[in-house]
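What follows is a set of notes on a single structure, which appears directly below.
Within every chain, numbering begins at 1; the chains are lettered A, B, ... in the order of the sequence lines, protein sequences first and strands thereafter.
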Amino acid sequence: MSAADRCVTLARSELPVDTVLSGRIVETEAYPVGDAAGHAYVGMTPRNRALFLSRGHAYVYRAYGASLLLNVSSETVGVGAGVLIRALEPLEGIPAMQRNRSVRDLRDLTRGPGRLTIALDIDLRLDGADLCRTGPLRLARDGHVAPEIGVSARIGLSRETDKLLRFYLRGNPFVSGPKKLSP
DNA sequence: AGTGCGATTGACT
DNA sequence: GTCAATCGCACTA
């Protein structure tokens with residue numbers, strides 16, 4: 001990555017209430033081809049099939065029985081890989097996000113992969129959705145130039161813990177994880 | 001058909 | 001700081 005990289009915004013629309021909920025992506029983790037910690041590592045299954053769609057499709061899955069996590073597929077058709085969206089900086093629709101999460105504090109609204117899906121009302125029906133075309137969930141460059149990008153090990157894994165594949169906007173208060181990993 | 005296990009969170013000591 | 005909740009899915013038989 002370079003300092004000229006543009007920030008990316010994730011936007012949720014077509015909700016029952018006519019609102020757009022959006023946030024700037026401030027933290028991600030990569031799960032590239034051949035990564036033993038990636039869900040695609042075992043080959044295509046009913047759960048992970050969206051990882052094998054072309055770049056820019058949503059892979060939504062349930063973790064620990066409770067949380068829904070959002071990934072973006074990152075390779076060509078038939079190749080399984082993705083990027084986990086770990087945190088957003090809230091931009092639009094903040095009151096609606098506060099209702100979805102039953103939380104007021106802006107900092108707690110979308111800091112964490114399982115929290116941001118609740119804030120944006122993302123569910124399993126969005127699994128496989130194309131995020132690069134008009135639809136209920138969209139990715140878009142937001143014009144903001146990214147500041148320095150921090151790199152660290154990924155969070156919550158039991159394998160491949162040495163790989164530095166977590167990326168975040170350094171100093172951004174909406175980044176999740178222990179301070180040690182987000183200085 | 002049964003078992004084991006998380007790319008987490010929130011509640012609690 | 002610790003720890004249990006919770007369920008879809010992958011894996012074994």
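- Between the side chain of A:Glu92 and the main chain of A:Leu21, no donor-acceptor pair closer than 3.5 Å is present.
- The separation between A:Glu29 atom CD and B:dT8 atom C1' is 12 Å, rounded to whole Å.
- Remark: C1' of C:dC11 and CE of A:Met44 are 19 Å apart, rounded to the nearest angstrom.
- Residue A:Thr45 has no polar side-chain atom (N or O) positioned under 4.0 Å from OP1 or OP2 of C:dC9.
- At the heavy-atom level, A:Arg166 lies nowhere under 4.0 Å from the strands shown.
- Ionic pairing of A:Asp105 and A:Arg107 is not present here: no N-O contact between side-chain nitrogen and carboxylate oxygen is shorter than 4.0 angstrom.
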Validation: residues 36-45 of chain A side-chain donor-acceptor distances under 3.5 Å, sequence neighbours left out:
{"residue": "A:His39", "atom": "ND1", "partner": "A:Tyr59", "partner atom": "OH", "Å": "2.7"}
{"residue": "A:Thr45", "atom": "OG1", "partner": "A:Arg47", "partner atom": "N", "Å": "3.4"}
{"residue": "A:Thr45", "atom": "OG1", "partner": "A:Asn48", "partner atom": "N", "Å": "3.3"}
{"residue": "A:Thr45", "atom": "OG1", "partner": "A:Asn48", "partner atom": "OD1", "Å": "3.4"}
{"residue": "A:Thr45", "atom": "OG1", "partner": "A:Asn48", "partner atom": "ND2", "Å": "3.4"}

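- No donor-acceptor pair closer than 3.5 Å links the side chain of A:Ser74 to the backbone N or O of A:Arg55.
- Here the side chain of A:Leu157 is nearest to one of C:dC11, B:dT9, B:dA7, namely B:dA7.
- In summary, A:Arg154 and A:Glu29 do not engage in a salt bridge, as defined by a charged side-chain N under 4.0 Å from a carboxylate O.
- Between the A:Glu27 side chain and the A:Ser176 main chain, a donor and an acceptor come within less than 3.5 Å of each other.
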Ignoring hydrogens and angles, write down the donor-acceptor pairs under 3.5 Å from the side chains of residues 75-84 of chain A, residues two or more places apart or on other chains.
none

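- Taking atom CZ of residue A:Arg49 and atom C1' of nucleotide C:dA10, one finds them 17 Å apart after rounding to whole Å.
- Remark: A:Arg101 is not in phosphate contact with B:dT9, judged by side-chain N or O atoms under 4.0 Å from OP1 or OP2.
- Counting only distance, with no hydrogens or angles, the side chain of A:Arg101 and the backbone of A:Leu109 share a donor-acceptor pair below 3.5 Å.
- By the side chain to side chain donor-acceptor pair (under 3.5 Å) test, A:Asn172 is found to be paired with A:Glu89, residues two or more places apart in sequence or in another chain being considered.
- Within residues 69-87 of chain A, the residues having any heavy atom under 4.0 Å from DNA chain B are, by residue number, A:Leu69, A:Asn71, A:Leu84, A:Arg86.
- A cation-pi contact links A:Arg166 to A:Tyr168, judged by a cut-off of 6.0 Å to the six-membered ring centre and 45° from its axis.
- Between the side chain of A:Ser73 and the backbone N or O of A:His57, at least one donor-acceptor pair lies under 3.5 Å.
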Please tabulate, one pair per line, each protein N/O and nucleotide N/O from nucleotides 6-8 of chain C that are separated by under 3.5 Å, including the distance.
{"residue": "C:dT6", "atom": "O2", "partner": "A:Tyr64", "partner atom": "O", "Å": "2.2"}

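- Counting to the nearest Å, the C1' atom of B:dA7 and the CG atom of A:Leu116 are 12 Å from each other.
- A:Asp35 has a carboxylate O that lies under 4.0 Å from a charged side-chain N of A:Lys163, or vice versa, which qualifies the two as a salt bridge.
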Problem - Pairing annotation in dot-bracket form, given for DNA chain B with Watson-Crick or G-U pairs under 3.5 Å and | for cross-strand partners - result: ||||||.|||||.
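- Distance, A:Asp105 CG to B:dT9 C1': 16 Å, rounded to whole Å.
- In the set B:dT9, C:dA10, B:dA7, B:dA7 carries the atom at the smallest distance from any side-chain atom of A:Tyr31.
- Taking atom CG of residue A:Asp108 and atom P of nucleotide B:dA11, one finds them 11 Å apart after rounding to whole Å.
- The interatomic distance linking A:Leu109 (CG) with B:dG10 (P) rounds to 11 Å, in whole Å.
- Put simply, CZ on A:Arg111 is 12 Å from C1' on B:dT9, counting in whole angstrom units.
- Listed nucleotides: B:dT8, B:dG6, B:dG10. Nearest to the side chain of A:Ser158: B:dG6.
- Taking for each of A:Val103 and A:Ala40 the nucleotide of DNA chain B with the nearest heavy atom, the 5'-most of the two is the partner of A:Ala40.
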